[in-house]
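Below is one structure, written out as C-alpha cells; the observations come after it.
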Amino acid sequence: GDSVTQMEGPVTLSEEAFLTINCTYTATGYPSLFWYVQYPGEGLQLLLKATKADDKGSNKGFEATYRKETTSFHLEKGSVQVSDSAVYFCALSRTGGGADGLTFGKGTHLIIQP
Amino acid sequence: DTAVSQTPKYLVTQMGNDKSIKCEQNLGHDTMYWYKQDSKKFLKIMFSYNNKELIINETVPNRFSPKSPDKAHLNLHINSLELGDSAVYFCASSHLSGQGSYEQYFGPGTRLTVT
C-alpha cells in the first residue's frame with residue numbers, strides 16, 4: 001500500500017537557520033504530494049503541493065520539489081522564524097479520485113529557538 | 001466565514017457512552033472526510049463521502065458510523081465508547097484545484113477524551 005516516511009523529530013533550530021525536512025514516499029501510479037502544517041491546538045493547513053514530477057511547490061518561503069526518480073518531496077526553507085514552530089506533515093493522494101484520503105507521514109515537530 | 005467547522009471542540013465522556021461529532025463545510029465541496037489523529041500525532045483516514053455516498057471505509061470498528069445528511073455536512077457517531085477511542089478527530093473537505101489535484105481543507109479538530 002501507499003506510505004510516506006518523514007524524518008522523526010523534534011527538529012530544533014536557531015532562528016534564521018536553513019531548514020530541511022526529508023520526505024520519501026511509496027505509491028503506485030503518479031500521486032500528488034503535499035506538505036501540511038499544524039500549529040499548536042489547531043487543524044492542518046495546506047502549506048504547498050506538487051502534482052507531477054519536477055513540479056516545485058512554494059509558499060511562505062517554504063519550497064519542495066517532486067522528485068520521481070528518488071520518490072522524495074523534501075521541505076526546505078532558507079531562513080526559519082520562531083513563528084515556523086509547528087508540526088509538519090508530508091502526505092500523498094492517489095490521482096484519479098477526489099474521494100481518496102490522504103496518506104500521511106508521522107509528522108515532524110519543528111522547534112525554532114530565538 | 002469559517003470554511004470547515006466542527007462541534008464540539010472538546011468532548012469528555014465515560015466509557016460505554018454514545019456521542020456524536022458534527023462537521024459542516026461552506027466551501028461548496030463535494031467530498032468530505034473523517035481522520036483520526038492519535039496521541040503520537042499520526043493521522044489516518046477513517047471515512048470519505050462523495051455527494052453523500054460512502055467511498056472509503058477504512059478498517060474502523062463498526063461502532064463508528066458516519067452520516068451525511070447533505071453535501072455540506074458529515075457527522076460521526078460513535079457507540080459504546082472505549083478508552084482507545086481517545087484521539088483528535090478531524091473533518092476535511094476537498095475540491096478539484098485548477099492544477100488537477102484535490103486539495104483537502106481541514107477543520108479545527110475535536111479532542112475526544114474517554115475516561
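Reminder, nothing fancy here: chain letters follow the sequence lines and each chain counts from 1.
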Compute the centroid of each ring, for A/F62 and then for A/Y88, and state whether the two points are separated by less than 6.0 Å.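 Yes, close enough.
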Under 6.0 Å between ring centres: does that hold for A/Y36 and B/F106?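 Judged by ring-centre distance (under 6.0 Å), A/Y36 and B/F106 do meet the cut-off.
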What part of A/Q38 lies closer than 4.5 angstrom to a heavy atom of chain B: side chain, backbone, both or neither?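 For A/Q38, side-chain heavy atoms alone lie under 4.5 Å from chain B.
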Relative to chain B, which segment of A/L46 carries a heavy atom at a distance below 4.5 Å: side chain, backbone, both, or neither?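 For A/L46, the contact with chain B is made by the side chain alone.
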Which salt bridge (charged side-chain N to carboxylate O under 4.0 Å, His left out) pairs, counting each pair once, include a residue from residues 2-22 of chain A, with sequence neighbours left out?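 Qualifying pairs: A/D2-A/R94.
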Check each atom of [X] against the heavy atoms of chain A and say whether the ones under 4.5 Å are side chain, backbone, both or neither.
{"X": "B/Y35", "answer": "side chain"}
{"X": "B/K9", "answer": "side chain"}
{"X": "B/Q6", "answer": "neither"}

Disulfide (SG to SG under 2.5 Å) partners of residues 14-93 of chain A, not counting sequence neighbours, each pair once: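 For residues 14-93 of chain A, and leaving out neighbouring residues, the disulfide (SG to SG under 2.5 Å) pairs sorted by first residue read A/C23-A/C90.
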Any luck finding a side-chain donor-acceptor pair between A/Q6 and A/T108 under 3.5 Å?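 A donor-acceptor contact under 3.5 Å links the two side chains.
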